[in-house]
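Following: one structure in structure tokens, then a few remarks.
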Amino acid sequence: MCSLPVPREPLRRVAVTGGTHGNEMSGICLAQHWLQAPAELQRPSFSAVPVLANPAAIAGCRRYVDHDLNRTFTSCFLNSRPTPDDPYEVTRARELNQLLGPKASGRAFDFVLDLHNTTANVGTCLISKSSHEVFAMHLCRHLQLQYPELSCQVFLYQRSGEESYNLDSVAKNGLGLELGPQPQGVLRADIFSRMRTLVATVLDFIELFNQGTAFPAFEMEAYRPVGVVDFPRTEAGNLAGTVHPQLQDRDFQPLQPGAPIFQMFSGEDLLYEGESTVYPVFINEAAYYEKGVAFVQTEKFTFTVPAMPAPIPAPSPAS
Amino acid sequence: MTSCHIAGEPIQKVAIFGGTHGNELTGVFLVKHWLENGAEIQRTGLEVKPFITNPRAVKKCTRYIDCDLNRIFDLENLGKKMSEDLPYEVRRAQEINHLFGPKDSEDSYDIIFDLHNTTSNMGCTLILEDSRNNFLIQMFHYIKTSLAPLPCCVYLIEHPSLKYATTRSIAKYPVGIEVGPQPQGVLRADILDQMRKMIKHALDFIHHFNEGKEFPPCAIEVYKIIEKVDYPRDENGEIAAVVHPNLQDQDWKPLHPGDPMFLTLDGKTIPLGGDCTVYPVFVNEAAYYEKKEAFAKTTKLTLNAKSIRCSLH
């Protein structure tokens, strides 16, 4: 199995980003707080930098101004020549790429943790590129073991052949923390507190690694997308129904062929016509209506994560 | 048995508004569905017109374009000289007033139901603007009884300064229908079903009334607005505390002095002051952050309605 290189040295340059989507309030509020009071992000071997990723969207309490920032970190957007007509988020993605990247270069940050909320009932969802991200997989395992009551689910988003496009892909290692359900524009104390605790534990894990801890191989279960299902629509493209009550809020639970997935406004049920069991995720996420996604179909799979050796301490800065 | 009742004219013109806030989707999609197939909302002898009030906001799936449509149906805004410089919603309000009003005139629609959602855990809610309106108190009593055991609370916004000029206020009998919790931009099947039932019972009531049924005196419990409470803020005006977990989702439940109200980012609990128990509503409504309202305090009281009967029988 091909795994990407694990970090061989302690992780020094770490960032936590909030407000990649300007209406996902937990990360925004946390990042704003840390910009005033950064002590919480400090560890003996490093200090994490808080970043408000999309200030203009945050000011307008909207997901984005011109273009979804979390779809803008592809080489096409990042490397094309700037023009005055560039969408706001393209310019901003280039700035973040300079700050936290450049993507795929040796100068990129060691780790970026990107904070999100969803209106879907995903609970605590850990989002990584793929099973080959060994550091991120060990981190996910650590979070699952620390908080068994949260049932953290791991979602691996990269589809084969597709370039990564999200913010944490500019760093050498990254993870998305997705907590829901929370409405856009709302700050819930329970979700906020859970996110704050999870961020602290992520930083604790990085510190543990930096101090010289090795982690053994283990088996991990995760979900990866195999397709998306749109809402039923009229010929004009408007909604003709919505997520069925038996599917609503059932993220990560098995969906069998023949089970109801949509309820039409006229009353009838639409049934799932796939041939095998899938695990729907992001069921009824507000921001996905315009992307034509009522839910993401995933498959559950298990894989081995190789052992991660302790880092080699870096030479002292004085030399 | 005394037959002292209020004799009312039959109800003729009813409208159902959706999309007054473009991202409150239940009303948007119910109205759009009824515009295609209105069988469900028809009753004999009654004209029921579904209508999208803020189409530009609906198209952008946003609450409003320039200003909140549900706050500007006062006579000053309705009387402004029409011009392209007016905010979109003010121009739209004048159009709506022309179609369904004019406000305070004999020609205005009899009843307007305005459909809303909230991110707050308010369940099925009916909003009343006038505590002495026998007809609406009777209607609300009928709806609550028909929905039971599904709870349905009544929010009374009659207040010298806090009452606001709603879209529906151009009708003789304005009815606010609010169902939550539902995130902005999301359409939940369970919420849709609840709102649909509320409308069905409301239209059944009107039909029974028009057919000559007498509704005996009744009483309903309502929650009357006292004041709005903002989030604690810092020197820069940024929110410094969150709705406390003990208050979150507890709309309509009693909040006593000393009970937790907010939780600061440093972990300190801010309790309710004063010496009265209040009943919070619109707890943590997304759209109210900019209006500086974390929740509204209400007091519980009982409203009585005289018996009513349609005067044509």
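The shown structure was predicted, so the numbers you read here are calculated from the model rather than taken from an experiment. The basis for the numbers below is simple: all heavy atoms, side chains too, and nothing from hydrogens, waters or symmetry mates. Chain A is the first sequence line, chain B the second, and so forth, proteins listed ahead of strands; every chain is numbered from 1.
With sequence neighbours excluded, the residues satisfying side chain to side chain contact (heavy atoms under 4.5 Å, CB included) with B/Val242 are A/Leu187, A/Ala189, B/Leu265. Residues that satisfy the side chain to side chain contact (heavy atoms under 4.5 Å, CB included) test with A/Ala48, not counting sequence neighbours, are A/Val14, A/Val16, A/Leu41, A/Phe46, A/Leu203. Considering only residues two or more places apart in sequence or on other chains, B/His256 meets the side-chain hydrogen bond (donor to acceptor under 3.5 Å, both in side chains) condition with B/Thr277.
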Taking only distance into account, so ignoring hydrogens and angles, what donor-acceptor contacts under 3.5 Å exist between chain B and chain A?
unit_1	atom_1	unit_2	atom_2	d
B/Leu187	N	A/Tyr289	OH	2.7
B/Leu187	O	A/Thr242	OG1	2.7
B/Leu187	O	A/Asn284	ND2	3.0
B/Arg188	NH1	A/Asp249	OD1	3.1
B/Arg188	NH1	A/Asp249	OD2	3.4
B/Arg188	NH2	A/Asp249	OD2	2.9
B/Arg196	NH1	A/Phe265	O	3.1
B/Arg196	NH2	A/Phe265	O	2.7
B/Asp249	OD1	A/Arg188	NH1	3.1
B/Asp249	OD2	A/Arg188	NH1	3.3
B/Asp249	OD2	A/Arg188	NH2	2.8
B/Leu265	O	A/Arg196	NH1	2.8
B/Leu265	O	A/Arg196	NH2	3.1
B/Asn284	ND2	A/Leu187	O	2.9
B/Tyr289	OH	A/Leu187	N	2.7

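For chain A, no part of B/Leu30 is nearby; none of its heavy atoms comes within less than 4.5 Å. Proximity to chain A is absent for every atom of B/Ile239, based on heavy atoms less than 4.5 angstrom apart. Contact annotation for A/Phe265: both backbone and side-chain heavy atoms come within less than 4.5 Å of a heavy atom of chain B.
Between chain A and the options B/Leu192, B/Val186, B/Leu25, the largest number of non-hydrogen pairs under 4.5 Å is found for B/Val186.
Within 6.0 Å of NZ in B/Lys49 there are 12 or fewer heavy atoms belonging to other residues, nucleotides or ligands.
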